[in-house]
Amino acid sequence: MGPGPISAYPSVLTAMSAPLVGQYDPFMTATMNETQELYRQVWATTNDATVLVDGTSRAGIEAAIVSLIRPGDRVLVPVFGRFGHLLTEIAERAGAEVHKIETEWGKVFPASVIEEAIVRVKPTLLAVVQGDTSTTMLQPLDDLGAICAKHGVLFYTDATASLGGNAFEADAWGLDAATAGLQKCLGGPSGSSPITLSEKAVAVIRSRAKIEAGIREEGDPDAADFVRSNYFDLGMILDYWGPRRLNHHTEATSMLYGSRECARLLLAEGRDAVITRHEIAGAAMLAGVEALGLQVFGDVAHKMTNVVAVEIPEGVAGDAARGAMLDDFGIEIGTSFGPLHGRVWRIGTMGYNARKDTVLTTLAALESVLRRFGASVPAGGGVEAALDVYAGV
């Protein structure tokens with residue numbers, strides 16, 4: 001019940017135990033095609049270039065940035081938590097000239113502030129985190145696509161922690177690139193990164209095409225400003241997933257099975273229904289921690305549905321209390337990073353764990369631990385408040 005990774009859906013784990021097949025077996029390539037179509041629906045896009053990058057969510061981030069950015073390009077990163085700093089570092093390692101704007105942790109940026117920075121910096125790419133679990137804040141994206149289009153800027157977002165549990169509309173919001181991971185609201189293990197790319201983004205990637213010598217054929221492009229990574233070269237990855245079936249790497253078969261099942265489950269339940277389930281579970285957990293007298297961190301109006309941060313009560317040993325939650329109740333919750341480390345606990349309600357029983361059990365355990373560590377909390381207050389939320393839906 002932390003900020004992720006979370007407990008995977010049981011059927012995802014079952015899917016991942018299926019027998020392996022060769023990477024060009026008809027079943028394998030058919031599964032790849034099916035997974036692409038499923039994730040187009042998850043992302044709410046018609047982008048043909050919708051694939052998986054083998055690796056954790058950070059692999060998808062790096063693939064997007066290193067493939068879209070040429071050394072010397074300007075990148076604008078709005079930083080409102082730890083993972084904005086991550087986008088900054090990856091862009092710097094890709095040779096970009098990175099410009100940051102920052103706001104206090106616990107807040108997000110008005111679209112007008114981001115547009116002012118775009119006008120001033122004139123970046124090639126705007127790279128922004130949608131949901132930053134370090135602060136639990138959700139940056140609004142719906143106005144940024146039009147702003148980027150107006151100023152000729154590519155628009156990328158990291159939706160690792162938000163996709164599946166919060167609204168996301170890749171096409172309607174004008175995204176050129178978006179990446180995610182399975183280990184949050186999608187309810188799978190870390191190790192595969194869904195990515196979707198607009199035609200504009202694909203054109204940039206194709207203009208940098210370079211096929212490695214061992215698999216290059218006559219007439220293949222050989223750009224001078226090629227992507228400075230082999231593994232994360234999205235041009236070759238797209239050719240691997242596309243009709244050419246370029247032998248770029250060996251697909252992580254078990255992760256492919258798990259990724260497909262994550263998307264299948266979401267769409268079978270209904271995309272909107274899953275988001276609503278996260279909203280309700282998140283609202284119940286929020287009401288519960290507030291009823292226990294805990295102070296919620298950050299701007300609640302811009303909080304992600306799937307994780308809440310609470311200030312650790314004065315006099316309570318935060319790490320020891322978290323340890324008691326795990327040792328005595330088998331429930332994991334998280335702390336945070338940087339200025340929030342040791343100051344807040346982060347409690348997640350996402351994916352398979354966005355359920356009434358997990359919310360109530362966590363709140364009951366938290367009440368017990370808080371009382372044992374010297375905090376004065378109302379008996380049953382958290383559970384009752386959460387039940388009231390569920391009764392109202």
Side-chain angles (χ1 to χ4, degrees), residues 1-9 12-13 15-16 35-36 38-45 50-67 81-87 89-90 127-139 141 156-168 170 175 177-197 231-232 234 237 241 251-252 254-267 271 274-275 278 304-307 332 334 337 346 348-354:
M1 298 295 286
I6 48 76
S7 306
Y9 290 104
V12 171
L13 300 179
M16 292 179 68
T35 301
Q36 288 182 275
L38 290 171
Y39 275 97
R40 290 185 187 106
Q41 297 174 66
V42 172
W43 287 114
T45 185
T50 301
V51 300
L52 303 176
V53 176
D54 288 343
T56 65
S57 50
R58 189 173 300 215
I61 297 169
E62 187 152 348
I65 291 176
V66 76
S67 296
R82 174 197 168 181
F83 295 101
H85 290 300
L86 174 63
L87 299 189
E89 173 162 331
I90 291 174
V128 59
V129 176
Q130 184 190 26
D132 196 311
T133 50
S134 68
T135 65
T136 76
M137 294 296 104
L138 188 77
Q139 171 64 48
L141 302 179
Y156 161 71
T157 192
D158 164 26
T160 297
S162 49
L163 184 67
N166 302 266
F168 196 96
L175 267 299
T179 63
L182 305 183
Q183 73 275 17
K184 310 280 187 174
C185 301
L186 294 177
S190 178
S192 184
S193 181
I195 183 170
T196 189
L197 302 161
Y231 188 74
F232 293 131
L234 285 175
I237 292 173
W241 281 77
E251 180 60 24
S254 297
M255 288 307 307
L256 172 66
Y257 296 161
S259 301
R260 179 182 63 171
E261 181 65 5
C262 287
R264 189 196 69 79
L265 285 172
L266 184 146
L267 296 171
R271 194 167 169 271
V274 174
I275 292 171
H278 280 82
M304 300 163 68
T305 66
N306 50 300
V307 62
E332 179 187 77
F337 308 101
R346 293 179 298 156
T349 48
M350 59 186 90
Y352 182 56
N353 291 342

Indicate yes or no: at least one non-hydrogen side-chain atom of Met1 is less than 4.5 angstrom from one of Thr349.
yes

Between Ala8 and Leu13, the two heavy atoms sitting closest are CB-CD2, 3.9 Å

Is the closest side-chain heavy-atom distance between Leu163 and Val42 below 4.5 Å?
yes

Examine the side chains of Ser259 and Thr35 and answer whether a donor and an acceptor come within less than 3.5 Å of each other.
no

Return yes if some donor-acceptor pair links the side-chain N/O of Thr133 with the main-chain N/O of Ala161 below 3.5 Å, else return no.
no

Are the side chains of Leu141 and Phe168 in contact, using a 4.5 Å heavy-atom criterion?
yes

Does some side-chain heavy atom of Leu52 sit less than 4.5 Å from a side-chain heavy atom of Tyr39?
yes

When you check the side-chain N and O atoms of Tyr156 and Thr179, is any donor under 3.5 Å from an acceptor?
yes

What I'd like to find out is whether the side chain of Leu182 reaches to under 4.5 Å of the side chain of Val12, using heavy atoms alone.
no

Rounded to the nearest 0.5 angstrom, the CD1-OG distance for Ile237 and Ser67 is 6.5 Å

Looking at every heavy atom in both Met16 and Ser254, which two are closest together, and how far apart are they?
CG-O, 3.3 Å

Verdict with reasoning, Asp54 to Tyr231, per side-chain contact (heavy atoms from CB on, under 4.5 Å)
CA-CA 9 Å; Asp54 288 343; Tyr231 188 74; 3.2 Å; yes

Which is it for Val307 and Lys184 under the side-chain contact (heavy atoms from CB on, under 4.5 Å) test, yes or no, and what are the steps along the way?
CA-CA 10 Å; Val307 62; Lys184 310 280 187 174; over 6 Å; no

Report the C-alpha separation of Leu267 and Leu38 in whole Å, then their side-chain angles, then the decisive distance to 0.1 Å, and conclude whether the side-chain contact (heavy atoms from CB on, under 4.5 Å) test is met.
CA-CA 8 Å; Leu267 296 171; Leu38 290 171; 3.7 Å; yes

Ala178 and Trp43: which non-hydrogen atoms are nearest, and at how many Å?
CB-CZ3, 3.6 Å

Heavy-atom closest pair (Ala44 atom, Arg271 atom, distance to 0.1 Å) is CB-NH2, 3.4 Å

Determine whether more than 12 heavy atoms belonging to other residues, nucleotides or ligands lie under 6.0 Å from atom CZ of Arg58.
no

Check whether any side-chain N or O of Asn306 sits under 3.5 Å from a backbone N or O of Asn166 as a donor-acceptor pair, and report yes or no.
no

Is a side-chain N or O of Asp132 found less than 3.5 angstrom from the main chain of Met137, in a donor-acceptor match?
no

Evaluate the side-chain proximity of Leu234 to Val53: yes if any heavy-atom separation is below 4.5 Å, no if none is.
yes

Note, Leu138 side chain near Gln130 side chain (heavy atom, < 4.5 Å):
yes

Work out which heavy atom in Gly131 is nearest to a heavy atom in Ser162; give both atom names and the distance.
N-OG, 3.8 Å

Could you tell me whether the side chain of Ser193 and the main chain of Gly181 form a donor-acceptor pair under 3.5 Å?
no

Please give me the minimum heavy-atom distance between Tyr9 and Gly351, naming the atom from each residue.
OH-C, 3.3 Å

Might you work through the side-chain contact (heavy atoms from CB on, under 4.5 Å) test for Gln36 and Val51, ending with a clear yes or no?
CA-CA 6 Å; Gln36 288 182 275; Val51 300; 3.5 Å; yes

